[in-house]
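Each remark here refers to the structure printed beneath this line.
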Amino acid sequence: MKTFGSILLSVLALTLIAAVATAALAGTNALTKDIIAENNAATADAARRTVFSAAEAFEERTLTADGDTVTYHAALKGGEVIGYVFTAVSTGKSAGLVVMTGVDTSGTVTGVAVTEDSETAGYIAKVTDGGLFETLKGRQNTDGVDTVSQATKTSKGILKGVDKALEYFAHIG
């Protein structure tokens, strides 16, 4: 039978372990948060360059579409706006499909990339290998674009994301 003293000692030991672990995690977070933020910014910039390779720089902007505030990036070359990069969240086979779309000033798609997803493993690769992203380049809408066999829902989610980007483009005036 345990005594009150032994129970109290166990509680104090567990409390000390939890406090040390919490302090270690907080310290690690404090030391790495700037590095993580820089890495995330570099990854986002690389994705923007993938969908709009002609841009020299990107400038963050906002617009209001259907009552929502949307953050997007103007693609710049020689200080002039040559297009835009929009990010839209869609649902493919799973929720959380994040589609980045480059659109030039005439409303033509310059590139498409999936930057985050919860799709079944291999579905984004099937869409890529099936040529969906290449098919979307040079288009001003997704009408008549075929989905990729064995990744139909993922393809439809990507098309919805591109449609949303083109809808956002229509609000830039």
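Just so it is clear, the structure is predicted and the values come from calculations on it, not from any experiment.
- Considering OG1 of Thr152 and OH of Tyr123, their distance stands at 9.0 Å, rounded to 0.5 Å.
- When side chains are defined from C-beta on, Lys160 does not count as touching Val162, because their heavy atoms never get closer than 4.5 Å.
- Using a 4.5 Å cut-off on side-chain heavy atoms (C-beta onward), Arg61 and Thr71 make no contact.
- The aromatic rings of Phe86 and Phe169 sit perpendicular, their planes meeting at an angle over 60°, well past the 30° parallel limit.
- Heavy atoms only, all atoms of each residue included: Gly157 and Ser90 are closest at O-OG, 2.8 Å.
- Surrounding CD of Gln140 are more than 12 heavy atoms belonging to other residues, nucleotides or ligands, all under 6.0 Å away.
- In this structure, Glu134 and Lys137 have side chains that are in contact, with non-hydrogen atoms separated by less than 4.5 Å.
- Remark: the Thr142 side chain and the Asp163 side chain contain an N/O donor-acceptor pair separated by less than 3.5 Å.
- Cluster membership for Ile82 and Leu76, using ILVMFWY side-chain heavy atoms within less than 4.5 angstrom, is not shared.
- Hydrophobic clustering, with ILVMFWY side chains joined whenever heavy atoms are under 4.5 angstrom apart, keeps Val98 apart from Tyr72.
- In this structure the side chain of Leu159 reaches within 4.5 angstrom of the side chain of Leu136, judged on heavy atoms.
- If you take CD on Glu38 and NZ on Lys33, they are separated by 12.5 Å, rounding to the nearest 0.5 Å.
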Next item on the list: Determine, step by step, whether Leu25 and Asn29 satisfy the side-chain contact (heavy atoms from CB on, under 4.5 Å) criterion, reporting the C-alpha distance in whole Å, the side-chain angles of both residues, the deciding distance to 0.1 Å, and the verdict.
Entry: CA-CA 6 Å; Leu25 287 172; Asn29 184 53; over 6 Å; no
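- Atom NZ of Lys164 and atom CG of Asp66 lie 6.0 Å apart (nearest 0.5 Å).
- Counting only distance, with no hydrogens or angles, the side chain of Thr3 and the backbone of Ser6 share a donor-acceptor pair below 3.5 Å.
- Hydrophobic clustering, with ILVMFWY side chains joined whenever heavy atoms are under 4.5 angstrom apart, groups Val103 together with Val145.
- Using the six-membered ring where Trp is involved, His73 and Phe58 have ring planes that are perpendicular, over 60° apart on the 30 and 60° scheme.
- Taking CD1 of Ile124 as the reference point, atom CG of Leu132 lies at 9.5 Å (rounded to 0.5 Å).
- Rounded to the nearest 0.5 Å, atoms OG1 (Thr128) and CZ (Phe133) are 4.5 Å apart.
- By the neighbour-count criterion of 12 heavy atoms within 6.0 Å, atom NZ of Lys126 is densely surrounded, having more than that number from other residues, nucleotides or ligands.
- Here the closest non-hydrogen pair linking Ala151 and Val127 is CB-CG2, 3.8 Å.
- At least one donor-acceptor pair under 3.5 Å links the side chain of Glu119 to the backbone N or O of Lys93.
- To the nearest 0.5 Å, atoms OG (Ser155) and CD (Gln150) are separated by 11.0 Å.
- The nearest pair of heavy atoms linking Leu166 to Gly107 is CD2-O, 3.8 Å.
- Between Val89 and Gly96, the shortest heavy-atom distance links the atoms CG1-CA, 4.3 Å.
- Scanning both residues, Ala113 and Val51, for their nearest heavy atoms gives N-CG1, 3.6 Å.
- A continuous path of hydrophobic side-chain contacts links Leu97 to Val109 [ILVMFWY only; heavy atoms under 4.5 Å].
- Both Leu63 and Tyr84 are part of a single hydrophobic cluster, where members link through side-chain heavy atoms under 4.5 Å apart.
- Within the 3.5 Å criterion, the main-chain N or O of Arg49 finds no donor-acceptor partner in the side chain of Ser53.
- Considering all non-hydrogen atoms of both residues, Gly161 and Val99 come closest at CA-CB, 4.1 Å.
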Check: When you look at Thr108 and Arg139, which way does the side-chain contact (heavy atoms from CB on, under 4.5 Å) test go after all the steps?
Finding: CA-CA 5 Å; Thr108 301; Arg139 298 182 62 94; over 6 Å; no
